[in-house]
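Here is the structure we will look at, set down as structure tokens.
So you know, we letter chains A, B, ... as the sequences are listed, proteins then strands, and number each from 1.
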Number of protein chains: 2
Amino acid sequence: MSPTVAAKTAPSRSTAEAQRAKIVSRAVTVFSRAGFHATPVAAVAEAAGVSPAYVFRLFPGKVGLFVATVDHCYARVCEALVQGGETAGAAGPAEILDHMTGAYVDLIRDRDLIMLQVHAQSACDVPEVQDAVRRGIANVVRAVSRLSGADAASVQRFIAYGQLCHLVVLADLSGVNEAWADTVSDGIRHSDANPRP
Amino acid sequence: MSPTVAAKTAPSRSTAEAQRAKIVSRAVTVFSRAGFHATPVAAVAEAAGVSPAYVFRLFPGKVGLFVATVDHCYARVCEALVQGGETAGAAGPAEILDHMTGAYVDLIRDRDLIMLQVHAQSACDVPEVQDAVRRGIANVVRAVSRLSGADAASVQRFIAYGQLCHLVVLADLSGVNEAWADTVSDGIRHSDANPRP
DNA sequence: TATGTTACTGATTGGTCAGTCACTTATTTG
DNA sequence: CAAATAAGTGACTGACCAATCAGTAACATA
């Protein structure tokens, strides 16, 4: 099962599963730049250090690759939220939600996960992508609801606040020094400790 | 004004301007389906009843067309919000904001304006599009702030709620009959009185 | 009637990209 | 070793699409 413990030989050659994981991981970053339709599969392949042909061998078409990427993205988001919620200890729903909100804002430091979610929503005209978005949101809502114990209205506000973060990041409002931009992005620190390669 | 009755009409509005307006109006619908990158200019041209070549003559490239479309979209959104705010009469900020929220939710009936905003955000890697989004949000925030007189935090919540509407529409959550979907889309009635052509 | 201007299009071009296929190379197994 | 299986790629193709250009048709003005 695990290639690391192959009874005797360390895998000098990577397994397909490991490559799939690496490609998906890189794909988060690559797709997050320009989204599904504007990103060629070749760009993902290059970032992962494999040939475009091999990406098509490992994934069922570009849509399949993107769906796997979106799934991975939401999984990482859920993970971050759960961790954030745990730092609240045994507190009330409001406090736990606050901690989760803080954890989500921290995610902005690495813009990729945020931007990819918007690109995924924008590509919802592709049925498989819509399914992936629904899956992802469902997991987030369920995790947040269960771990915080907050009521539906509070969870809805939490999600809305997350969507607001998306706008702030995509339009890069932290780079706008005007009153309206402050109104929109207040409390959403860009941290700006973001390496700009 | 109208080309049918030439008469003399000194500053007779050029037909090109009228065509531009018609194209932009149709473009809102066409671009709202699959977004900027996945929509060929020819699709917009066909919807407007002109040749693709003429669209390129009237607009400075595909990006220019899309920017004009996004501007038009935000203008219509602003208009709807102002009208919604006016129905509140001389009420307090909270009531005016509520009326505006209602007006925005009503916009969902015609999914185009909502979806186009998400597509525009997703295309923010194109600088001109990012500018258009910033312009649009700025106008919305300023209009809402001024007409409602609400404090910044309330306006921010209003914007966040709008972003939540985008998610509900794009992922078509009103078509999902599960608890998490109710949590997210509570209060955001799809009306479902939406003609499906 | 001649001349200019504006609206509008067909045909084309150069480029990009999703997806395929034949092929090479490495590893495992009998 | 031989056969089978898995990893991985270069080269190609067919389709699509943004943008251009050379031109036509209608109308205006003198």
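- For the segment residues 45-56 of chain B, residues with any heavy atom less than 4.0 angstrom from an atom of DNA chain D are, sorted by number, B/Ala53, B/Phe56.
- The NE2 atom of B/His37 sits 13 Å away from the C1' atom of D/dA18 (whole-angstrom rounding).
- Atom CZ of B/Arg135 and atom CD1 of B/Ile137 lie 12.0 Å apart (nearest 0.5 Å).
- A donor-acceptor contact shorter than 3.5 Å links the side chain of A/Gln156 to the backbone of B/Val184.
- Of all non-hydrogen atoms in A/Ile108 and A/Val169, the two that sit nearest each other are CG2-CG2, 3.5 Å.
- Taking atom NZ of A/Lys62 as the reference point, atom C1' of C/dT16 lies 11 Å away to the nearest angstrom.
- Spacing between atom CD of A/Glu17 and atom C1' of D/dA6 amounts to 14 Å, rounded to whole angstrom units.
- Taking all atoms of both residues into account, the shortest heavy-atom contact from B/Lys22 to B/Ala48 is CE-O, 3.9 Å.
- A distance-only check finds no donor-acceptor pair linking the side chain of A/Arg142 to the backbone of B/Trp180 [under 3.5 Å].
- One can place CZ of B/Arg57 at 10 Å from C1' of D/dC21, the figure rounded to the nearest angstrom.
- One atom, CZ of B/Phe66, and another, P of D/dA18, lie 13 Å apart when rounded to the nearest Å.
- Closest approach to the B/Pro40 side chain among D/dC17, C/dA7, C/dA18 is made by D/dC17 (side chain taken as heavy atoms from C-beta onward).
- Ion pairing between B/Asp71 and B/Arg76 fails under the 4.0 Å rule for side-chain N and carboxylate O.
- Side chain to side chain, B/Ser154 and B/Asp151 meet the donor-acceptor criterion of an N or O pair below 3.5 Å.
- Counting to the nearest Å, the P atom of C/dT20 and the CG atom of A/Leu58 are 14 Å from each other.
- Between the side chain of A/Ser185 and the backbone N or O of A/Ile188 there is no donor-acceptor pair closer than 3.5 Å.
- In this model, the phosphate group of D/dA7 is not approached by any side-chain N or O of A/Gln19 to a distance below 4.0 Å at OP1 or OP2.
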When you compare the protein's N or O atoms with those of nucleotides 24-27 of chain D, which come within less than 3.5 Å of each other, and at what distance?
none

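- Ring geometry for A/His166 versus A/Tyr104: interplanar angle of 30 to 60°, hence tilted.
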